[in-house]
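The block underneath contains the structure these notes are about, expressed in structure tokens.
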There are 2 protein chains.
Amino acid sequence: MPVELTPSQALGLWHTVSLEQVRVDGRDLTLRQMAILLQIYLVPPPHTVRGLAATLGVTKPVITRALDSMGALGLVDRARDDRDRRNVVIKRTVDGALYLEKFGDLIIDQGRKQPK
Amino acid sequence: MPVELTPSQALGLWHTVSLEQVRVDGRDLTLRQMAILLQIYLVPPPHTVRGLAATLGVTKPVITRALDSMGALGLVDRARDDRDRRNVVIKRTVDGALYLEKFGDLIIDQGRKQPK
DNA sequence: AAAAAAAGAAACGCTTGCGTAACGGTGCGC
DNA sequence: GCGCACCGTTACGCAAGCGTTTCTTTTTTT
């Protein structure tokens with residue numbers, strides 16, 4: 001069952017969620033970082049730097065840096081792949097899952113507030 | 001009629017929209033800039049720097065700079081208020097309206113693709 | 001008319017992200 | 001074993017955003 005939105009609802013939802021996120025969350029992830037984070041948590045592992053770069057359509061250093069930043073925030077973790085030690089597998093964290101859970105609740109709440 | 005979303009749909013929607021936006025749009029507005037832009041276009045005017053700063057919970061220079069950046073992109077415009085020449089009224093532009101219209105379509109499209 | 005207040009912009013130093021290019025560690029074909 | 005391709009990271013110079021403070025202009029207050 002898809003999500004059916006009117007233009008007004010679509011932009012209104014984005015508006016109120018963004019607004020609330022700006023007001024409440026000091027972390028202020030960039031759109032790219034948010035896309036990476038969601039990719040890691042919503043798509044089945046394993047995730048690699050190269051894979052994320054391809055999916056996002058960006059260069060590898062962009063991924064490395066985003067992982068640095070989000071790692072410092074405790075939202076993701078990294079570990080060498082033992083089967084191929086060139087690879088790095090990106091791992092989820094409890095804090096990251098909590099962060100996204102809270103964010104999902106925010107979206108749901110703001111969705112309920114959208115008028116027809 | 002509100003928008004009812006499951007947790008999976010909420011995050012999934014944000015995921016696919018962010019992903020597509022990263023892939024397609026080179027402009028890469030920050031979350032704050034996006035919140036400001038949506039505020040300007042979705043809430044009845046007039047909009048002032050001070051008002052936006054209060055709404056977003058940020059300082060005035062943040063708004064000024066965001067307006068500089070988005071003004072350079074043609075997404076918003078500024079004009080002195082003739083009734084109180086200390087104020088600057090933020091004005092919408094055709095390009096800005098088009099930009100948000102496209103963005104709204106993206107949200108709607110991705111919403112349709114969300115599984116139950 | 002003089003002083004205080006208000007709005008927005010500009011200046012300052014700092015932090016963070018970017019793209020490109022170069023770099024070490026690892027795996028694989030010969 | 002040796003060279004070569006691959007993966008992720010680091011280095012470099014640069015652009016953009018931030019918070020704080022200061023400034024200019026305009027309005028309001030007394």
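Throughout, a chain's letter reflects where its sequence line sits, starting with A, and its residues are numbered from 1.
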For this session: Check the surroundings of atom CZ in R50(B): do more than 12 heavy atoms from other residues, nucleotides or ligands lie under 6.0 Å from it?
Result: no
For this session: Name the orientation class of the two ring planes belonging to W14(B) and W14(A) (parallel below 30°, tilted from 30 to 60°, perpendicular beyond 60°).
Result: parallel
Seminar exercise, completed: Atom NZ of K60(B) and atom C1' of dA9(C) are separated, to the nearest Å, by 9 Å
Problem set entry | N or O in side chain of T30(B) less than 4.0 angstrom from dG17(D) OP1/OP2 | no
Exercise. Relative to the 5' end of DNA chain C, which residue comes earlier, P61(A) or D81(A), by the nucleotide with the nearest heavy atom?
Worked result: P61(A)
For this session: Measure the distance from CZ on R32(A) to C1' on dG17(C) and round it to the nearest whole Å.
Result: 9 Å
Exercise. Could you state the CG-P distance from D28(B) to dT16(C), rounded to the nearest angstrom?
Worked result: 18 Å
Problem set entry | R86(A) side-chain N/O to dA5(D) phosphate OP1/OP2 under 4.0 Å | no
For this session: Could you tell me the separation between the CZ atom of R65(A) and the P atom of dC12(D), rounded to a whole number of Å?
Result: 14 Å
Exercise. So, are R83(B) and D81(B) salt-bridged, with charged N and O less than 4.0 Å apart?
Worked result: no
Seminar exercise, completed: note: N87(B), atom CG; dA5(C), atom C1'; distance rounded to Å ~ 14 Å
Problem set entry | Side-chain donor/acceptor of R83(A) to base of dG27(C), under 3.5 Å | no
Exercise. Taking CZ from R85(B) and P from dA9(C), how many angstroms apart are they, rounded to a whole number?
Worked result: 13 Å
For this session: Could you check how far CZ of R80(A) sits from C1' of dG8(D), rounded to whole Å?
Result: 6 Å
For this session: Mind running side chain to side chain donor-acceptor pair (under 3.5 Å) on T6(A) and Q114(A) for me, showing each step along the way?
Result: CA-CA 10 Å; T6(A) 66; Q114(A) 297 308 312; over 6 Å; no
For this session: Give a yes/no answer on whether the side chain of Q33(A) brings an N or O atom under 4.0 Å of OP1 or OP2 in dG17(C).
Result: yes
